[in-house]
Amino acid sequence: MLIYNSPRGTSDYYGEDIKYIDFITDTAKNIFKIYNYKEIITPHFEHTEVFTRSIGENSEIVQKEMFTFPDKKGRSLTLRPEGTASVVRAIVEHKLYGENLPLKLFYIGDMFRYERPQKGRMREFRQVGIEAIGSDGPSIDAEVIWMINNFFKNLGFKNLLLYVNSIGCRECREKYIEILEDYLKPFGKDLCHDCVNRLDKNTLRVFDCKTSGCKKILENAPKISNYLCRKCEIHLRKVFGLLKVLDIPYVHAENLVRGFDYYTRTIFEVISTDIDSAQNALGGGGRYDNLIEEFGGPKISSIGFATGLERTMLLMKDLDIDIEEPGKNQKKIYVINMSADFDEYLFGILKFFRQNKIICDTNFNIKNVSKEIKWAQAQGYSHIVVIGENEVDTNKLIIKDLDNYTQTELNWINEKSRLLKLLR
RNA sequence: GUGAGAAUAGCUCAGGCGGUAGAGCGCAGGUCUGUGGAACCUGAAGUCGCGGGUUCGAAUCCCGUUUCUCACCCCA
């Protein structure tokens with residue numbers, strides 16, 4: 001009888017899921033290495049302020065989605081809802097910016113957000129993310145997008161759409177927000193309840209509104225692209241120019257804004273056009289030019305990106321994207337023991353195989369041989385060996401190749417090299 | 001946080017307007033005492049998510065609860 005479920009919004013992963021998770025993380029590590037990124041591991045919880053200050057007091061995440069708890073001495077701690085804040089905290093704490101910049105880091109780990117769960121949206125979920133610290137030029141933006149694009153390509157995705165926008169630097173954004181507010185205020189009660197709130201606290205986020213009334217009003221709203229300062233304008237154009245050189249399809253999404261306060265200038269999202277769901281965003285990121293300074297570090301600019309592991313996995317399954325399992329073509333031997341009387345002999349063989357790094361297993365419960373063979377085939381073993389009276393008496397083994405329907409008989413004591421050649 | 005639907009065997013699901021719990025796949029055994037993906041036969045497995053209520057009797061009706069799913073919200 002089931003007494004406990006895993007808590008709401010958490011999940012156990014095993015079997016097939018592990019293959020996907022390994023494939024996604026291995027693919028990420030391989031591609032990040034090619035672009036010279038190094039791994040960083042940070043704690044799963046931080047002082048609450050690390051998140052409230054960076055993500056923003058008025059953001060959804062801080063307002064209602066954080067797992068915050070006091071420790072035994074009453075200090076407020078929070079399970080990380082995203083990766084960037086922790087990485088930046090670590091960089092400033094250890095003065096990692098003292099190295100040759102940009103400092104390129106990646107992380108893979110669990111994040112926590114107290115939300116109403118849905119498919120592809122969990123309370124505990126994994127993110128794969130990167131941060132490039134210490135370059136304010138558009139070329140690093142383009143390289144980050146380039147790498148992300150390659151990451152999804154290597155996973156096997158085809159129909160991806162890249163949304164790119166600039167929300168300007170602190171100065172031009174502030175000016176733009178004033179202009180936007182002037183435009184929106186006269187509409188007053190025509191705006192939905194949420195947007196009235198946003199107008200007050202986080203004006204840019206009105207662009208996330210999905211109500212048709214607000215959407216209509218926003219159609220004619222002033223676009224930030226017309227109000228970027230000269231430097232921000234040049235920056236964005238250069239990013240677009242480099243994306244064209246790289247042949248990466250993108251859309252200038254002028255209504256794209258993002259949920260964290262720390263973003264400046266370039267922001268982007270990767271969307272799958274193959275999936276018709278609210279959870280179609282595979283990942284997102286952007287530039288944050290002030291965050292390191294706000295954490296007590298020097299004034300250096302950075303850019304980062306994060307993608308959801310579970311969401312990526314779900315989408316790969318939905319789209320029937322095959323994964324290359326590492327070692328899929330490696331030979332695997334199933335040794336069928338016919339009787340517990342031969343256990344000593346069997347263990348001698350298993351010991352020899354395993355010392356020689358041959359993947360093998362055996363039946364620990366004695367069963368009908370033909371059923372064992374069927375099972376071994378279904379499990380993807382490449383060879384079987386049966387241990388019975390004949391083998392024990394003569395040291396001869398019959399190696400059956402399950403893929404080619406062939407079999408080889410040899411004396412495994414006298415012909416060890418021949419045996420190994422066959423199985424490696 | 002709001003609204004809606006769902007939960008039955010390991011898996012996918014049927015059934016049900018109250019009267020002994022079903023199928024397919026999988027699992028186990030056999031036909032078959034040592035060799036191929038098959039076929040056939042047999043079998044095990046469930047307090048019908050959990051708790052309470054109504055009733056002679058609840059998997060079925062009612063209430064609560066947990067989890068999942070969907071739409072909001074937001075995001076990965």
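For clarity, every value in this text was computed on a predicted model and none was experimentally measured. Each chain gets a letter, A, B and so on, in the order its sequence line appears, and its residues count up from 1.
Across all strands shown, A:G388 has heavy atoms under 4.0 Å from base atoms, whether or not it also approaches the sugar-phosphate. Note on A:G9: only backbone sugar-phosphate atoms sit closer than 4.0 angstrom, heavy atoms only; bases stay farther off. Base engagement by A:M122 is indicated by at least one non-hydrogen atom pair under 4.0 Å involving a base atom. Contact annotation for A:Y381: no contact, since no heavy-atom pair falls under 4.0 Å across all strands.
Shown here are the side chain to side chain donor-acceptor pair (under 3.5 Å) partners of A:E46, two or more places apart in sequence or in another chain: A:S86, A:R89. Under the ring pair (Phe, Tyr, Trp, His ring centres under 6.0 Å) criterion, A:F32 pairs with A:F106, not counting sequence neighbours. Shown here are the ring pair (Phe, Tyr, Trp, His ring centres under 6.0 Å) partners of A:Y381, two or more places apart in sequence or in another chain: A:Y334. A:Y288 is linked by a ring pair (Phe, Tyr, Trp, His ring centres under 6.0 Å) to A:Y262, counting only residues two or more places apart in sequence or in another chain. Residues satisfying the ring pair (Phe, Tyr, Trp, His ring centres under 6.0 Å) criterion with A:Y35, sequence neighbours excluded, are A:W146.
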N/O donor to acceptor pairs below 3.5 angstrom from side-chain atoms of residues 356-363 of chain A, sequence neighbours left out:
| from | atom 1 | to | atom 2 | distance (Å) |
| --- | --- | --- | --- | --- |
| A:N356 | ND2 | A:F352 | O | 2.8 |
| A:T362 | OG1 | A:V335 | O | 2.7 |
| A:N363 | OD1 | A:N337 | N | 2.7 |
| A:N363 | ND2 | A:N337 | O | 3.0 |
| A:N363 | ND2 | A:N365 | O | 3.2 |

Could you pull out every donor-acceptor pair under 3.5 Å between side chains of residues 180-187 of chain A and any protein atom, sequence neighbours left out?
| from | atom 1 | to | atom 2 | distance (Å) |
| --- | --- | --- | --- | --- |
| A:E181 | OE2 | A:T203 | OG1 | 2.8 |
| A:Y183 | OH | A:I217 | O | 2.6 |

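Under the 4.0 Å criterion applied to side-chain N and carboxylate O atoms, A:R258 and A:E269 are assigned as salt-bridge partners.
The base of B:A76 lies outside donor-acceptor range of the side chain of A:E269, with no N or O pair under 3.5 Å. Residue side chain A:R126 does not reach the base of B:A76 through any donor-acceptor N/O pair under 3.5 Å, judged by distance alone.
Listed in residue order, the members of residues 338-346 of chain A having a heavy atom less than 4.0 Å from RNA chain B are A:M338. Looking at residues 32-67 of chain A, you'll see A:E60, A:K64, A:E65 sit with a heavy atom under 4.0 Å from some atom of RNA chain B. Against RNA chain B, the stretch residues 394-408 of chain A makes heavy-atom approaches under 4.0 Å through A:K400, A:D401, A:L402, A:Y405.
Put simply, A:Q118 has no side-chain N or O that comes within less than 4.0 Å of OP1 or OP2 on B:C68. In this model, the phosphate group of B:A76 is approached by a side-chain N or O of A:R258 to a distance below 4.0 Å at OP1 or OP2. Between A:R8 and B:C68, a side-chain N or O to OP1/OP2 separation shorter than 4.0 Å is present.
Here the separation of B:C48 from B:A6, taken at their C1' atoms, is 14 Å to the nearest Å. Here the separation of B:U8 from B:G15, taken at their C1' atoms, is 9 Å to the nearest Å. For the C1' atoms, the distance from B:C62 to B:U55 is 12 Å, rounded to whole Å. Across the P atoms, B:G22 and B:U47 are found 16 Å apart, a figure rounded to whole Å. Rounded to whole Å, the C1' atom of B:A44 lies 16 Å from the corresponding atom of B:C25. Rounded to a whole angstrom, the distance from the P atom of B:G5 to that of B:C61 is 14 Å. Distance noted for atom C1' between B:U60 and B:G3: 27 Å (whole Å). Across B:G46 and B:A23, the matching C1' atoms stand 15 Å from one another, rounded to whole Å.
Contact of the A:E294 side chain with the A:L291 side chain is registered, since non-hydrogen atoms from C-beta on lie closer than 4.5 Å. Looking at heavy atoms from C-beta onward, A:F151 lies in side-chain contact with A:T27 at the 4.5 angstrom threshold.
Regarding A:N363, its CG atom lies at a distance of 13 Å from the C1' atom of B:U35, rounded to whole Å. Rounded to a whole Å, the CZ atom of A:R123 is 11 Å from the C1' atom of B:U67. Taking atom NZ on A:K374 and atom P on B:G29, their separation rounds to 12 Å, with Å as the unit. We find that CG of A:D393 is positioned 14 Å from P of B:G34, with the value rounded to whole Å. Note: CD1 (A:I366) to P (B:G30) measures 13 Å, nearest angstrom. The CH2-C1' distance, from A:W375 to B:G36, rounds to 16 Å in whole Å. When the C1' atom of B:G34 is taken as reference, atom NZ of A:K371 falls 16 Å away, rounded to whole Å. Look at CZ on A:R116: it is 8 Å from C1' on B:G3, rounded to the nearest Å.
Which of B:U69, B:U35, B:G37 sits closest to the side chain of A:P117 comes down to B:U69. Across B:C70, B:C68, B:A76, the shortest atom-to-atom separation from the side chain of A:K119 is found for B:C70. Among B:G36, B:C72, B:G34, the nucleotide with an atom closest to any side-chain atom of A:E391 is B:G34.
Paired regions of RNA chain B, where each region holds three or more successive Watson-Crick or G-U pairs whose two hydrogen-bonding distances fall under 3.5 Å, are B:1-7 with B:66-72, B:10-13 with B:22-25, B:27-31 with B:39-43, B:49-53 with B:61-65.
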Please assess A:H383 against A:D403 for the test side-chain hydrogen bond (donor to acceptor under 3.5 Å, both in side chains), listing each intermediate value before the final yes or no.
CA-CA 8 Å; A:H383 295 76; A:D403 299 324; over 6 Å; no
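Side-chain contact of A:E124 with A:T10: a donor-acceptor pair under 3.5 Å is absent, judged by distance alone. Side-chain atoms of A:T78 and A:T68 include a donor-acceptor pair closer than 3.5 Å.
Separation of atoms CD1 (A:I140) and OG (A:S302) is listed at 9.5 Å; rounding is to 0.5 Å. A:I130 CD1 to A:I31 CD1: the interatomic distance, rounded to the nearest 0.5 Å, is 11.5 Å.
Annotation: ring pair (Phe, Tyr, Trp, His ring centres under 6.0 Å) contacts involving residues 109-133 of chain A, sequence neighbours excluded, comprise A:F67-A:Y114.
Mapping A:S370 and A:I373 onto RNA chain B by nearest heavy atom places A:S370 at the nucleotide closer to the 5' end.
For A:F347, the CZ atom sits in a loose shell: 12 or fewer heavy atoms of surrounding residues, nucleotides or ligands are nearer than 6.0 Å.
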